[in-house]
Novice: 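One structure, as structure tokens, below. Some questions next.
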Amino acid sequence: MPGDELMKEKTVILDEVAMDRALTRIAHEIIERNKGVDNLAVIGIHRRGVPIAMRLANKIKQVENIMPLIGTLDITPYRDDAKCVNNEFNITDIPFDISNKNIVLVDDVLFTGRTIRAAMDALIDMGRPKAIQLAVLIDRGHREIPIRADYVGKNVPTSKLESVSVYVKEIDGLDKVVIEE
């Protein structure tokens, strides 16, 4: 992840233009599959899933002239690993009832599936959506839980020794996706 000084950049997977193109395609796929934006909500998983979700929502608005419902989700209390040891929580901000909504859950990288499992647990605690769909910028494989994305910006086969880092302007000051090792 960004900030890990031990990893060295190996390959740029997506530059700013390719990243924007992938998000545009995903937005169109979401609109097509959901037959518009009625009953649609886009929820980003903290950290980098949030700005990606905001961008997707804006792209959907450009096509449909309606902004879908949008929210942010902190899955820290639902994690099953040690990544929440510092007790640093982000804010879950879902200012609408998720019951009976088509939820598009957004994250930057799909890897083991554990983050998505935690996100689904968090959502189910808030209500019963009609459907939960998953949009990710990068699917790098190596699933430990049987979860797959409905919308993928790019599939990137990686080794377990490699890391995929997503950088977004809203957090990092630049847009790119890199493989590091």
Side-chain angles (χ1 to χ4, degrees), residues 1-3 19-20 22-24 26-31 33-34 36-139 145 147 149-153 164-175 177:
M1 279 320 292
M19 199 166 155
D20 185 63
L23 293 175
T24 298
I26 291 170
H28 283 275
E29 290 173 1
I30 290 169
I31 294 165
R33 178 170 178 178
N34 290 282
V37 296
D38 291 342
N39 208 35
L40 183 71
V42 178
I43 298 176
I45 300 172
H46 279 289
R47 285 211 44 193
R48 286 167 181 80
V50 171
I52 294 169
M54 299 293 183
R55 291 182 195 187
L56 283 173
N58 283 316
K59 287 181 179 295
I60 290 168
K61 182 182 180 209
Q62 289 172 0
V63 174
E64 293 290 302
N65 294 318
I66 300 169
M67 180 66 96
L69 296 171
I70 188 140
T72 64
L73 183 64
D74 177 19
I75 58 134
T76 306
Y78 292 87
R79 293 194 68 96
D80 66 355
D81 59 16
K83 289 187 177 180
C84 57
V85 293
N86 64 0
N87 293 328
E88 186 176 307
F89 292 88
N90 295 293
I91 295 172
T92 290
D93 180 19
I94 301 175
F96 50 86
D97 183 4
I98 68 165
S99 298
N100 229 13
K101 297 268 188 294
N102 291 319
I103 305 292
V104 177
L105 195 56
V106 180
D107 203 8
D108 57 350
V109 178
L110 178 56
F111 183 33
T112 63
R114 293 184 179 280
T115 295
I116 305 309
R117 185 219 41 91
M120 290 190 299
D121 287 348
L123 285 175
I124 298 302
D125 277 357
M126 292 178 220
R128 185 167 191 230
K130 181 177 180 184
I132 300 173
Q133 301 165 21
L134 177 59
V136 297
L137 187 58
I138 302 294
D139 183 343
I145 296 174
I147 289 175
D150 299 282
Y151 314 101
V152 178
V164 174
S165 294
V166 174
Y167 297 90
V168 291
K169 284 182 183 175
E170 297 88 339
I171 296 171
D172 309 298
L174 74 154
D175 282 341
V177 181

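Nothing fancy with the numbering, it's 1 onward along the sequence.
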Novice: With a 3.5 Å distance limit and no angle check, can you tell me whether R79 reaches the backbone of R114 through a side-chain donor-acceptor pair?
Specialist: no
Novice: Compare all side-chain heavy atoms of M54 with those of V168 and state whether any distance is below 4.5 angstrom.
Specialist: no
Novice: What are the two closest non-hydrogen atoms of G153 and I26, and how far apart are they?
Specialist: N-CD1, 3.5 Å
Novice: What pair of heavy atoms forms the shortest contact from I171 to P51, and how long is it?
Specialist: CD1-CG, 4.1 Å
Novice: Distance check, rounded to the nearest 0.5 Å: R47 atom CZ versus E170 atom CD?
Specialist: 11.0 Å
Novice: For a quick test of reading the model, state the closest non-hydrogen atom pair linking P68 to A57 and the distance between them.
Specialist: CD-O, 3.6 Å
Novice: To the nearest 0.5 Å, tell me how far L174 CG sits from K169 NZ.
Specialist: 8.5 Å
Novice: Hey, does the side chain of N102 reach the backbone of K130 with a donor-acceptor pair shorter than 3.5 angstrom?
Specialist: no
Novice: Within the structure provided, determine whether V177 and D108 are in side-chain contact (heavy-atom separation under 4.5 Å).
Specialist: no
Novice: Taking all heavy atoms of R117 and all of Y78, pick out the closest pair and write down the distance.
Specialist: NH2-O, 3.1 Å
Novice: Between CZ of R128 and CD1 of I98, what distance do you get to the nearest 0.5 Å?
Specialist: 11.0 Å
Novice: Given L56, which of V104, L137, V106, I70 fulfils the side-chain contact (heavy atoms from CB on, under 4.5 Å) condition?
Specialist: V106
Novice: Rounded to the nearest 0.5 Å, what's the gap from CE on M120 to CD1 on I132? Could you check?
Specialist: 6.5 Å
Novice: Starting at CG of D80, measure out to CD1 of I145 and round the result to the nearest 0.5 Å.
Specialist: 6.0 Å
Novice: So which atom in P129 and which in G127 form the shortest heavy-atom distance, rounded to 0.1 Å?
Specialist: CD-O, 3.3 Å
Novice: Under 4.5 Å between any side-chain heavy atoms of N90 and V50, yes or no?
Specialist: no
Novice: Within the 4.5 Å heavy-atom criterion, are I45 and I116 side-chain neighbours or not?
Specialist: yes
Novice: How long is the span from the CZ atom in R55 to the CE atom in M19, to the nearest 0.5 Å?
Specialist: 4.5 Å
Novice: Determine the sole option in D93, I91, T92 for which the side-chain contact (heavy atoms from CB on, under 4.5 Å) test with D74 is passed.
Specialist: T92
Novice: Can you check whether V109 reaches S165 side chain to side chain, under 4.5 Å on heavy atoms?
Specialist: no
Novice: Taking side-chain hydrogen bond (donor to acceptor under 3.5 Å, both in side chains) as the definition, give me every residue that meets it alongside T24, ordered by chain and number, with sequence neighbours left out.
Specialist: K59
Novice: With a 4.5 Å heavy-atom cut-off, do L110 and L134 have their side chains touching?
Specialist: yes
Novice: Verify, without hydrogens or angle tests, whether R48 (side chain) and V166 (backbone) share a donor-acceptor contact under 3.5 angstrom.
Specialist: yes
Novice: Side chain to side chain contact (heavy atoms under 4.5 Å, CB included) between L105 and L73: does it pass, once the steps are laid out?
Specialist: CA-CA 9 Å; L105 195 56; L73 183 64; 4.1 Å; yes
